[in-house]
Amino acid sequence: MSLILSSAPHIRTAKTTSRLMGNVLIALLPCAAAGIYYFGLRAALVLAVSTVSAVLAEFIWQKLSRKPITISDLSAAVTGLLIGLTVTPTAPWWMVMIGSFFAVIVVKQLFGGIGDNFLNPALAARAVLLASWPARMTSHPAVGFANVDAVTSATPLTTGAGIGDLLLGNVPGAIGETCKIAILLGLVYLLVSGTISWRISVVTIASAFLFNWALSGSLNDSLVAILSGGLLFGAVYMATDYATSPMQAGSQYFYAILIGVLTIIIRKFGVYPEGVTYAILLANITAPLLDRFIPQKVYGIPSIRKEEKKA
Amino acid sequence: MKVTFRGGVHPGHKSKKPTQALAVREYVSDTVKIIMNMNIGAPAVPCVKKGDQVKIGQVIGEAQGFMSVPVHASVSGTVLSVDNIPYLSENPVGCVTIQNDFQDDWVELEPLGDVEHVDPSKIVPAIQKAGICGMGGACFPTHVKLTLKPDQKCDTIIVNGAECETHLTADHRLMLENGKRIVDGLRAVMRALDVKNGVIAIEDNKKDAIQAMKQACFGRQGVRVQPLMTKYPQGGEKQLIQAVTGRQVPSGGLPIQVHVVVLNVGTCAAIADAVIDGKPLVSRITTVTGAVRTPSNLRLRIGTLVEDIIGECGGFSEDPGKVIFGGAMTGLPLPNTDVPIAKSTNGIVVFNKHDAVSVEEGPCIRCGKCVSVCPIGLNPFQIKAATDVDLLDRAKDLHVMDCILCGSCSFVCPSRRWLTASFKNAKQKITLQAKKEAAQRAAANQGGEQK
């Protein structure tokens, strides 16, 4: 009889990396479904191209660089789907594909693969697409199946859409970002399944709301602010990305507030109508610093401040 | 009011189910192998020889100094051999094998009687004589814990009935079946140290035990039951102290520095036996569960072989892959079943081949789950990055020495990284290094003096 001699603990959680990434995919389904409902088959096509090409990019890269193939951890699929959901339904397939390849190969794999990237791959790709093809990225078709031609219309950030329409997603915008109810459903699933903690997502939304309220003095304006554009989507799916957000509770609050405040600043005072992408990318860069400089509380070790007080 | 600590996990939800309702039954085997280094500190030295007749409770291993406890015969009969055997991963240790004659002859005992009337100064010596060491797992000599230096004071004794480990129900059964003994032991210690405050802390998933202990405490002076939130590692000494008193043991320090002594429920019952009846520690309750045909709570003589115990439980129910002493979060794996139980063996858990598979480590995805569950507030992922490349100084700066090796980070890691294992390794290396450096310094100092 040979017995295995391995170190404690002898049981491990069932929530493996692929399970967690699968949870994110499930949480994104309502957004994808809403996008396809509002924008029709071409939205479905965009999502399919973005997801498949992200997985393909990871596979090809790992094959060529002779690394273990890790597409089964589903993280590439998550990145791809996120890219598809954050572009406009009329985005050409080649543009989406470039986005996915850039995200997976340049932002993720070149920096060491899963866990080692310092920027959110999907968001970095979106930023690249925005800078490269600004017109194509911001030409949003009006909602409806019949609409085939792309029409550049004002985003809800510049028009005054009703709160009901904003919640339902009955407004022009990126495929997955318009229907706020779908995003909130996804958030609930992510929280209940223990995939993310409430800190980053909820605090980001709350701080954007409060900061906007402080600036505008209008509750209604602040409600519209958090329900329009990509803020909600970014707060729930992008800011909470494991690798690029801080790990300690204290730094997570700080990071989330930074995103909320930066988003509103860029929207109100910047030249871009939408600020979430850049706000999160900027916060991503600060994440490791926040973890380093916001002191952790270790059991049995008095905090530095307390020691200074004594001295 | 329920109390708890920061962080923690909820492992092995149903692992206690098979045994928690099973009353303790006694099992005595034909032979026992009693090892000499059951306690932390100096091992005992055998004082019997092959062919000797021994009675239950007779000293067969003498304590070596203060940081050591005597070892007693757990059955009556004939000494078959006195030799050294390899025990777990450590170096060969002294071992006395006794053939049981089933006469159950006890040596003459020196009972002190009722704990409320015994001379307090006689209590700690009685505990020392009875060979008691921490029965929750660490096996620290109890009399050492209870001997305070002049500058130390104690205001609270906490009795640890949390039993937060998976699979184990031995303490739970003891509280249900013998609560009065636990309170007697607690009172004895309170009187010995002149402490007015005794707290029996129990996780609130053991409602019946809380009830039973409340009844056992009724009418006793200065003792109360404190329900705790059910969360692993609630029974960790530091977490328990924080939950019950709100105090934190200083880094690298001992509970007595925050005026607390923590004792396991089993230890308390053993103390009561030692004081009231004068009986040394010769048996304990052990939970046997997992892939065995009849999971059980057994009262076993110290030195009973795992092989015999598994046989008593109907044998393996599946092909065994791993057998551990203790629960699944911190248990020690056994190389084979020809191993005797010690004073601290609170459980034997058998995993089948499927569950025992050694998991492969993936890359860290920086999800931060290890950070949020660490009951000490460490950053396990960062420490692991340091220990992976053998940066021990960096690991030390990240407070690896404060790690209690509870296993929560490894348990929760979605990439199944071997966090706890590498911290254990790093702690051992750092301790060894510190010892070496101290020895070198001492040698250098001596050299200087000679000059």
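Per chain, numbering begins at 1; letters A, B, ... match sequence-line order. This is a predicted model, so every value here is computed, not measured.
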Spatial distance of atom NZ (Lys297(A)) from atom CD1 (Ile376(B)) [nearest 0.5 Å] | 15.0 Å
The reported gap from OG in Ser2(A) to CG in Asn336(B) (rounded to nearest 0.5 angstrom) is 11.0 Å
Side chain to side chain donor-acceptor pair (under 3.5 Å): pairs with one or both residues in residues 246-262 of chain B, sequence neighbours excluded | Asp155(B)-Arg247(B), Ser251(B)-Asp402(B)
At their closest point, which heavy atom of Thr17(A) faces which heavy atom of Ser415(B), and how far apart are they?
-> OG1-OG, 3.2 Å
Closest-packed option against chain B by number of heavy-atom pairs under 4.5 Å, given Gly115(A), Gly300(A), Pro68(A) = Gly300(A)
Residues of residues 197-208 of chain A under 4.5 Å from chain B (heavy atom pairs)?
-> none
Once you round to the nearest 0.5 Å, how far does CG of Asp73(A) lie from CD1 of Ile365(B)?
-> 8.0 Å
Exercise: do Ser6(A) and Lys322(B) side chains pair donor with acceptor under 3.5 Å | yes
Between Ser408(B) and chain A, which part of the residue has a heavy atom less than 4.5 Å away: side chain, backbone, both or neither?
-> neither
Chain B contact via Ile114(A) - which portion, at a heavy-atom distance below 4.5 Å | both
Closest approach of Ile11(A) and Gly12(B), non-hydrogen atoms and distance?
-> CD1-N, 3.9 Å
Between Arg416(B) and Thr13(A), is there a donor-acceptor pair closer than 3.5 Å when you use the side chain of the first and the backbone of the second?
-> yes
d(Leu5(A) CG, Ile324(B) CD1) to nearest 0.5 Å is 12.0 Å
Taking non-hydrogen atoms and a cut-off under 4.5 angstrom, which of residues 344-353 of chain B neighbour chain A?
-> Phe351(B)
Scored by heavy-atom pairs under 4.5 Å with chain A, the best of Pro375(B), Ala328(B), Cys364(B) is Ala328(B)
Contact listing (chain B partner; residues 239-246 of chain A; heavy atom under 4.5 Å) | Tyr242(A), Ala243(A), Ser245(A)
With a 4.5 angstrom heavy-atom cut-off, could you sort out which part of Asn379(B) is near chain A: side chain, backbone, both or neither?
-> both
Ignoring hydrogens and angles, tell me if any N or O in the side chain of His10(A) forms a donor-acceptor pair with the backbone of Gly331(B) under 3.5 Å.
-> yes
Is any side-chain heavy atom of Arg12(A) less than 4.5 Å from a side-chain heavy atom of Ser410(B)?
-> yes
Does Tyr189(A) OH have over 12 foreign heavy atoms under 6.0 Å away?
-> yes
Are the side chain of Arg366(B) and the backbone of Asp116(A) linked by a donor-acceptor contact shorter than 3.5 Å?
-> no
Contacting region of Gln242(B) [heavy-atom separation from chain A under 4.5 Å] | both
Comparing Gly194(A), Ser18(A), Ser7(A), Pro9(A) against chain B, the one with the most heavy-atom pairs below 4.5 Å turns out to be Pro9(A)
Under 4.5 Å to a heavy atom of chain A? For Val371(B) that would be side chain
Roughly how far, to the nearest 0.5 Å, is the OG atom of Ser372(B) from the CE atom of Met247(A)?
-> 10.5 Å
Among Lys369(B), Lys424(B), Lys238(B), who wins on heavy-atom pairs under 4.5 Å with chain A?
-> Lys238(B)
Leu378(B) versus chain A, heavy atoms under 4.5 Å apart: side chain, backbone, both or neither?
-> both
Chain A interface, residue from Pro333(B), Gly368(B), Cys413(B) that has the most non-hydrogen pairs under 4.5 Å = Pro333(B)
